[in-house]
K.L.:
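First the structure, then my questions, so here it is.
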Number of protein chains: 2
Amino acid sequence: MELFVRRLAAHSDLDAEERDAVLQLPVQLLEVRSNVDFVRLGEQIDHACLVAEGLVGKFGQTEDGRRQIVSVHIPGEMADLSSLMMPQAATALNSLSSTTILRVAHKDLRALGLRYPSIATAFWRSSVLDGAIVAQWLVNVGRRDARARLAHLFCEMAVRYRLLDQSDGRRYTLPMTQEQLGDALGLTSVHVNRTLQHLREEKLLRVERSAVTIMDWKALVRAGEFDTLYLQRPDL
Amino acid sequence: MELFVRRLAAHSDLDAEERDAVLQLPVQLLEVRSNVDFVRLGEQIDHACLVAEGLVGKFGQTEDGRRQIVSVHIPGEMADLSSLMMPQAATALNSLSSTTILRVAHKDLRALGLRYPSIATAFWRSSVLDGAIVAQWLVNVGRRDARARLAHLFCEMAVRYRLLDQSDGRRYTLPMTQEQLGDALGLTSVHVNRTLQHLREEKLLRVERSAVTIMDWKALVRAGEFDTLYLQRPDL
DNA sequence: CGCAACATTGATTTCACTCAAAACAGGTGG
DNA sequence: CCACCTGTTTTGAGTGAAATCAATGTTGCG
């Protein structure tokens with residue numbers, strides 16, 4: 001929860017009272033095993049899901065069962081703040097690993113926004129920043145080859161995890177399977193596997209289990225044509 | 001401008017006074033020829049662009065010059081309302097055809113949001129709905145083949161144009177070249193051309209110049225696995 | 001009329017997919 | 001503590017959808 005406030009404060013000015021008000025938000029704890037759809041497509045939502053631990057994927061789906069991950073959310077991020085403005089879920093939420101969620105009621109969020117306009121603004125800005133990430137993913141999937149897609153994703157996640165664990169960003173834990181990486185990048189797990197090997201041979205990065213180690217940041221950025229502009233955050 | 005209000009009112013409740021306040025917004029007229037970047041990447045923005053006529057594309061770019069259209073905006077839509085919350089443009093805006101734009105100053109929009117909270121909410125909701133469309137495009141580009149991608153796009157545009165021209169949605173004018181369609185769908189213009197021919201042979205739809213005629217709506221919906229859920233609008 | 005976009009066609013190549021099987025954890029219960 | 005199961009990663013061989021390269025039509029406009 002603290003993390004959530006820190007994230008908000010990173011892009012929007014909030015005074016002590018406002019930060020405190022967010023911290024006081026009543027939440028309901030929810031533990032989910034790996035690979036559970038805890039928000040289903042078309043469902044009517046009355047609470048938002050804040051990721052406390054683990055990893056959450058927002059999924060779109062085709063009729064033949066192929067899935068596309070539209071965004072991933074790491075601890076401290078509200079996975080579906082947008083549900084406040086769009087209560088019928090157009091995408092599903094799925095735990096990519098075993099995850100703990102804090103549910104926050106819409107009515108509490110709404111009340112908070114009414115009472116503190118700058119919090120409402122911060123939420124709005126959050127939605128917009130999330131949207132900018134999705135847009136970049138679209139560029140990534142639409143116009144780059146497998147190698148660049150993977151490189152770009154790992155660069156992005158490095159920057160996003162940095163705010164979380166204060167590490168130097170060269171190492172982080174991304175609990176996604178190769179299958180899930182494929183779902184995020186519009187690739188098959190087989191091709192992800194081969195491309196990952198290629199990336200390792202090139203000494204750009206190494207992924208073992210869930211541990212990502214970036215060996216050559218500069219080269220990785222070049223490979224993924226990564227530019228932090230859309231994240232509105234400084235580079236590593 | 002009227003159209004913009006109608007769009008807002010379609011998803012958010014606004015009373016007469018609020019609707020009027022939006023209509024009174026001072027604007028600056030801007031005519032742009034086809035294929036002009038009137039908002040460039042990384043530019044600092046202090047006004048939003050409302051499309052009055054024509055068609056606007058939001059572009060992401062790779063280093064080798066390949067472009068990906070991240071969203072298109074038809075008359076009555078604010079192409080970059082998000083710039084209010086993210087003044088440094090992470091995507092460019094380009095006129096896909098000759099277009100007329102109404103520029104609205106950020107400060108006026110902000111003032112309006114402050115004075116009328118439900119307008120602020122309506123703007124926020126607009127951002128969220130835009131985001132939902134981008135997310136669907138990501139599913140489309142990531143997981144569907146060329147035929148389905150095109151079908152999906154034409155279905156979506158049919159629904160979106162309906163609010164505009166009150167037609168039955170079977171015919172509309174989409175001033176995009178095949179090259180631009182390719183940029184929107186992550187395909188080359190050559191492949192768009194061939195797939196379009198295929199779609200015509202199947203008697204699903206016909207595209208001549210900019211005139212789209214849907215010949216078999218049901219079949220097109222099936223081909224594109226189109227579901228209006230994400231648009232929060234009724235089907236045709 | 002002639003230029004500049006745009007659309008269309010053909011031939012070839014390539015990147016990524018499919019199918020299939022094997023190796024490799026990690027966790028469970030006997 | 002090992003045998004087993006399930007999910008994940010790895011490898012191989014063959015296929016296919018879309019890209020690339022390169023011309024040739026077409027259309028509309030100044």
Side-chain angles (χ1 to χ4, degrees), chain A residues 33-36 55 57 62 64-69 94-98 140-153 173-201 205-212 223, chain B residues 33-36 54-55 57 62 64-68 94-98 140-153 173-201 205-212 223:
Chain A
R33 277 170 300 103
S34 186
N35 193 30
V36 175
L55 197 63
T62 66
D64 60 348
R66 295 152 70 103
R67 307 187 111 200
Q68 172 70 40
I69 302 184
N94 177 287
S95 49
L96 298 179
S97 68
S98 69
N140 205 25
V141 170
R143 286 298 180 209
R144 289 198 255 260
D145 65 14
R147 175 169 171 273
R149 286 187 214 177
L150 276 161
H152 193 278
L153 179 70
T173 306
L174 183 72
M176 283 177 85
T177 65
Q178 295 181 356
E179 183 89 47
Q180 291 165 342
L181 285 171
D183 285 343
L185 299 171
L187 299 169
T188 55
S189 63
V190 173
H191 200 55
V192 167
N193 183 285
R194 294 199 225 267
T195 310
L196 239 28
Q197 286 176 47
H198 187 222
L199 246 22
R200 173 147 29 98
E201 280 159 23
L205 91 165
R206 183 188 301 232
V207 183
E208 29 214 1
R209 255 167 269 303
S210 304
V212 178
Chain B
R33 277 171 300 102
S34 187
N35 193 30
V36 175
L55 197 63
T62 67
D64 60 348
R66 297 152 70 103
R67 306 189 112 200
Q68 171 71 41
N94 175 287
S95 49
L96 298 179
S97 67
S98 70
N140 205 25
V141 170
R143 286 300 181 207
R144 288 197 254 260
D145 65 15
R147 175 170 172 272
R149 285 186 214 179
L150 277 161
H152 194 277
L153 180 70
T173 305
L174 183 72
M176 284 175 85
T177 65
Q178 295 181 355
E179 183 90 44
Q180 292 166 340
L181 285 172
D183 284 343
L185 298 171
L187 300 169
T188 55
S189 63
V190 173
H191 199 55
V192 167
N193 183 286
R194 293 198 228 269
T195 310
L196 239 29
Q197 288 177 46
H198 187 221
L199 248 21
R200 173 147 28 97
E201 280 159 23
L205 91 165
R206 184 187 301 233
V207 183
E208 29 215 1
R209 259 167 265 303
S210 303
V212 178

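Residue numbers start from 1 in every chain, and the chains themselves are labelled A, B, ... in the order their sequence lines are given, proteins ahead of strands.
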K.L.:
Do you know which two heavy atoms are closest between M176(A) and A184(A), and how far apart they sit?
P.N.:
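It is CE-CB, 4.2 Å.
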K.L.:
Do the side-chain N or O atoms of T188(A) get closer than 4.0 angstrom to the phosphate oxygens (OP1, OP2) of dA16(C)?
P.N.:
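So the side-chain polar atoms of T188(A) never come under 4.0 Å of the phosphate oxygens OP1 or OP2 of dA16(C).
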K.L.:
Taking OP1 and OP2 of dA7(C), is either one under 4.0 Å from a side-chain nitrogen or oxygen of R200(B)?
P.N.:
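No, no such contact exists.
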K.L.:
What's the shortest heavy-atom distance between R147(A) and L199(A), and which atoms?
P.N.:
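In this case the closest contact between R147(A) and L199(A) is CG-CD1, 3.6 Å.
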K.L.:
Contact class for D145(A) (heavy atom, under 4.0 Å): base, sugar-phosphate, or nothing?
P.N.:
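Since only primed, P, OP1 and OP2 atoms lie under 4.0 Å of D145(A), the category is sugar-phosphate.
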K.L.:
Give R66(A) one of three labels, base, sugar-phosphate or nothing, depending on what nucleic acid heavy atoms sit under 4.0 Å from its own.
P.N.:
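Here R66(A) touches the backbone only, sparing every base.
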K.L.:
Phosphate oxygens OP1/OP2 of dT8(D): is one of them under 4.0 Å from a side-chain N or O of Q180(A)?
P.N.:
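So the side-chain polar atoms of Q180(A) never come under 4.0 Å of the phosphate oxygens OP1 or OP2 of dT8(D).
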K.L.:
Looking at dG10(C), dC17(C), dA18(D), which one has an atom nearest to any side-chain atom of H191(A)?
P.N.:
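Of the options given, the side chain of H191(A) lies nearest dC17(C).
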K.L.:
Identify, between S34(B) and R143(B), the residue whose nearest nucleotide on DNA chain C lies closer to the 5' end.
P.N.:
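With S34(B) and R143(B) compared, the 5'-side residue is S34(B).
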K.L.:
Consider the side chain of T177(A), meaning its heavy atoms from C-beta on, and name the nucleotide among dT18(C), dA18(D), dT9(D) that approaches it most closely.
P.N.:
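Out of dT18(C), dA18(D), dT9(D), the nucleotide with an atom closest to T177(A)'s side chain is dT9(D).
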K.L.:
Under 4.0 Å: is that the gap between some side-chain N or O of R209(B) and OP1 or OP2 of dT26(D)?
P.N.:
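The answer is no; no side-chain N or O of R209(B) sits under 4.0 Å from OP1 or OP2.
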K.L.:
Looking only at the side chain of N193(A) (C-beta and beyond, no hydrogens), which of the listed nucleotides dT9(D), dA18(D), dA20(C) gets closest?
P.N.:
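For N193(A), the side-chain atoms sit closest to dT9(D).
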K.L.:
Between R144(A) (side chain only) and R149(A) (backbone N and O only), is there a donor and an acceptor less than 3.5 Å apart?
P.N.:
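No; zero donor-acceptor contacts below 3.5 Å.
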K.L.:
Indicate whether OP1 or OP2 belonging to dT9(C) is found under 4.0 Å from a side-chain N or O atom of Q197(B).
P.N.:
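For dT9(C), OP1 or OP2 has a side-chain N or O of Q197(B) closer than 4.0 Å.
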K.L.:
Looking at every strand, decide which applies to G182(B) at a 4.0 Å heavy-atom threshold: base, sugar-phosphate, or nothing.
P.N.:
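Answer is nothing: G182(B) stays at 4.0 Å or more from every strand.
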K.L.:
Have a look at R194(B) and say if it touches a base, only the backbone sugar-phosphate, or nothing, with a 4.0 Å heavy-atom cut-off.
P.N.:
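Base: the residue R194(B), judged by heavy atoms under 4.0 Å, touches a nucleobase.
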K.L.:
For a quick test of reading the model, state the closest non-hydrogen atom pair linking T177(B) to Q180(B) and the distance between them.
P.N.:
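Answer, listing the atom of T177(B) first, then Q180(B): N-OE1, 2.9 Å.
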K.L.:
For the side chain of A146(A), starting at C-beta, report the closest nucleotide among dA7(C), dA16(C), dT11(D).
P.N.:
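The closest nucleotide is dA16(C).
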